[in-house]
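Here the structure is a predicted model, which is why all the values come from computation and not from measurement. In what follows, chains carry the letters A, B, and so on, assigned in the order in which the sequence lines appear, proteins first and then strands, with residues in each chain numbered from 1. Side-chain atoms are counted along with the backbone in the values below, which use heavy atoms only and exclude waters and symmetry mates.
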2 protein chains.
Amino acid sequence: MPSGASRTELGDPFATIGFALKLAQQALRTRMDSALQEIGLTTPQYAVLTFLDVEPGASNAALARRAFVTPQTMQGILVALERAGFVSRTPHPEHGRVQTTELTASGRNALKAASGIVLRAEMCLREAAAPLDPQVVAAMLRRFADALR
Amino acid sequence: MPSGASRTELGDPFATIGFALKLAQQALRTRMDSALQEIGLTTPQYAVLTFLDVEPGASNAALARRAFVTPQTMQGILVALERAGFVSRTPHPEHGRVQTTELTASGRNALKAASGIVLRAEMCLREAAAPLDPQVVAAMLRRFADALR
DNA sequence: CTTGGCATATCAGTGCCCTTATATTAATAT
DNA sequence: ATATTAATATAAGGGCACTGATATGCCAAG
């Protein structure tokens, strides 16, 4: 019976979905970071620029909700992006507390330069997913996030 | 033609494998951390205890290779585990530079208590993978890591 | 109007992961 | 035997993610 001793044991860590998930995400992050560093971006920074491209003037809190991170985390990323000149933050004209964020010209250039890099990584993943349908795989991964709460 | 404008655009980030991969791993990490904190462990610390259980006396460098992190990262985890009393580190009797690491009794207890928590999370993932075969999914995720270099 | 509740922004601390750099020891080549 | 190379351990610094705490502004209920 080579299928395993029992259902209550995890056997080889490499055989678990959890461990493989961690390795895959780690590899993606490393790959993206090393490719994006040529244009002065990290992976989370690229994601934020993407969000700002479709939703200019978003607040820190709005960006945090969209990226599923805490406002504190997003705050750090925005401070770094502002220091690098990729975004500008200005107080909201009506809501005194809110800081609105927009892409600068430099930020738009960086985003454009980054899109090719990210597209190549995504194509790598879709090829490695074969023979599974990439859309089916993406849907399953989103189910993972939901299933874990 | 609702299937997308062109093959060179990424459309909705949520539709990409890369973004979904990040969300799934983030959810897993959060779930594991919050469940494991009751027994004083983080997710990476649990992984290291697992490795030490099957390979007692491993060195920092060996553990780092096994977990696919840098020796510096593993060093930090081991220092935390030693401070918490879950492992003990002693100089190797023959190799002057090497520090061998072993589980303490407390470490073994923590590992035992953690295994149930981790098993439940893995079962969540396997159910959410349906109708895909969990083993097929795990294999695909390992291909992701390889495909990205 | 004042108070309570909610959203927002930001500071401080912790952990993990990376890169770069330094020092020591082991193994190997000359 | 000495020099080089490889492996190990460790420190320092940066980025990202979390929790907790603090301060401010908005708004609705009393």
field: Non-hydrogen side-chain atoms of A:L125 and B:T16 separated by less than 4.5 Å
entry: no
- request: Measure across B:L41 and B:A114 and return the closest heavy-atom pair with its distance rounded to 0.1 Å.
  value: CD1-CB, 4.2 Å
task: Report, as a single string ordered 5' to 3', how protein heavy atoms within less than 4.0 Å touch nucleotides 19-26 of chain D: B base, S sugar-phosphate only, - not at all.
output: BBB-BBSS
field: With sequence neighbours excluded, residues passing side-chain hydrogen bond (donor to acceptor under 3.5 Å, both in side chains) with B:T100
entry: B:T90
Result block: side-chain N/O donor-acceptor pairs under 3.5 angstrom for residues 73-84 of chain A, not counting sequence neighbours:
residue	atom	partner	partner atom	Å
A:T73	OG1	A:T70	OG1	3.1

- request: With heavy atoms under 4.0 Å as the rule, sort A:R83 into base, sugar-phosphate or nothing.
  value: sugar-phosphate
task: Check every atom of D:dA17, C:dC18, C:dT8 against the side chain of A:V98 and return the nucleotide holding the closest atom.
output: C:dT8
message: Just to verify, what does B:T42 make a side chain to side chain contact (heavy atoms under 4.5 Å, CB included) with, not counting sequence neighbours?
response: B:D33, B:P44, B:Q45
message: Between B:E122 and A:G18 (side chain of the first, backbone of the second, donor and acceptor by atom type, cut-off under 3.5 Å), is there such a pair?
response: yes
message: In this structure, how many angstroms lie between the C1' atom of D:dC16 and the NZ atom of B:K22, rounded?
response: 10 Å
Using the 3.5 Å cut-off, write out each protein N or O paired with an N or O of nucleotides 1-3 of chain C and the distance between them.
none

message: Are B:Q25 and A:K22 packed together at the side-chain level, in the sense that at least one heavy-atom pair is separated by less than 4.5 angstrom?
response: yes
query: Going by heavy atoms closer than 4.0 Å, what residues in residues 51-62 of chain B are next to DNA chain D?
result: B:S59, B:N60, B:A61
- request: List in chain and number order the residues that pass side-chain hydrogen bond (donor to acceptor under 3.5 Å, both in side chains) with B:R31, two or more places apart in sequence or in another chain; answer none if no residue qualifies.
  value: none
query: Roughly, in whole Å, what's the span from CD in A:Q26 to P in C:dC17?
result: 7 Å
task: Sorted by first residue and then second, give each salt bridge (Lys or Arg N to Asp or Glu O under 4.0 Å) pair with at least one member in residues 58-72 of chain A; sequence neighbours left out.
output: A:E55-A:R66
query: Do A:L28 and B:F144 have side chains that get closer than 4.5 Å, going by heavy atoms?
result: no
- prompt: Any side-chain heavy atom of A:V87 sitting closer than 4.5 Å to one from A:L49?
  reply: yes
message: Going by the rule ring pair (Phe, Tyr, Trp, His ring centres under 6.0 Å), which residues pair with B:F19 if we only count those two or more places apart in sequence or in a different chain?
response: B:F14
message: Quick check on D:dT8: is either OP1 or OP2 less than 4.0 Å from any side-chain nitrogen or oxygen of B:R89?
response: no
- prompt: Nearest-Å distance, CG (A:D33) to C1' (C:dC16)?
  reply: 14 Å
task: Examine C:dC16: is either OP1 or OP2 under 4.0 Å from a nitrogen or oxygen in the side chain of B:Q75? Give yes or no.
output: no
query: What does the inter-axis angle of the helix from C:dC1-D:dG30 to C:dT30-D:dA1 come out as, five pairs per end, nearest 10 degrees?
result: 0°
query: Just how far, in rounded Å, is C1' of C:dC17 from CG of B:L78?
result: 14 Å
message: It should be established whether B:Q45 places a side-chain nitrogen or oxygen under 4.0 Å from OP1 or OP2 of nucleotide C:dC16.
response: yes
- request: With the side chain of B:R65 defined as its heavy atoms from C-beta on, choose the nearest nucleotide among D:dA17, D:dT10, D:dT8.
  value: D:dT8
task: State whether A:R29 places a side-chain N or O below 4.0 Å from either non-bridging phosphate oxygen (OP1 or OP2) of C:dC16.
output: no
message: Between P on C:dC16 and CD on B:Q25, what's the gap in Å once rounded to a whole number?
response: 14 Å
With a 3.5 Å cut-off and sequence neighbours excluded, list the donor-acceptor pairs that the side chains of residues 101-111 of chain B form with protein atoms.
residue	atom	partner	partner atom	Å
B:T104	OG1	B:G85	O	2.7
B:T104	OG1	B:F86	O	3.2
B:T104	OG1	B:S106	N	3.4
B:T104	OG1	B:G107	N	3.0

message: B:A35: which residues meet the side chain to side chain contact (heavy atoms under 4.5 Å, CB included) condition with it, sequence neighbours left out?
response: B:I117
query: Starting at CG of A:L63 and ending at P of C:dA7, how long is that distance when rounded to a whole Å?
result: 17 Å
query: What is the distance, rounded to the nearest whole Å, between atom CD of A:Q99 and atom P of C:dC11?
result: 11 Å
- request: Give the rounded distance in Å between these two atoms: CG of A:L81 and P of D:dG15.
  value: 11 Å
- request: Would you indicate which nucleotide in D:dT10, C:dG15, C:dC16 comes nearest to any side-chain atom of B:I77?
  value: C:dC16
field: Heavy-atom check, side chain of A:I39 versus side chain of A:Y46, under 4.5 Å
entry: no
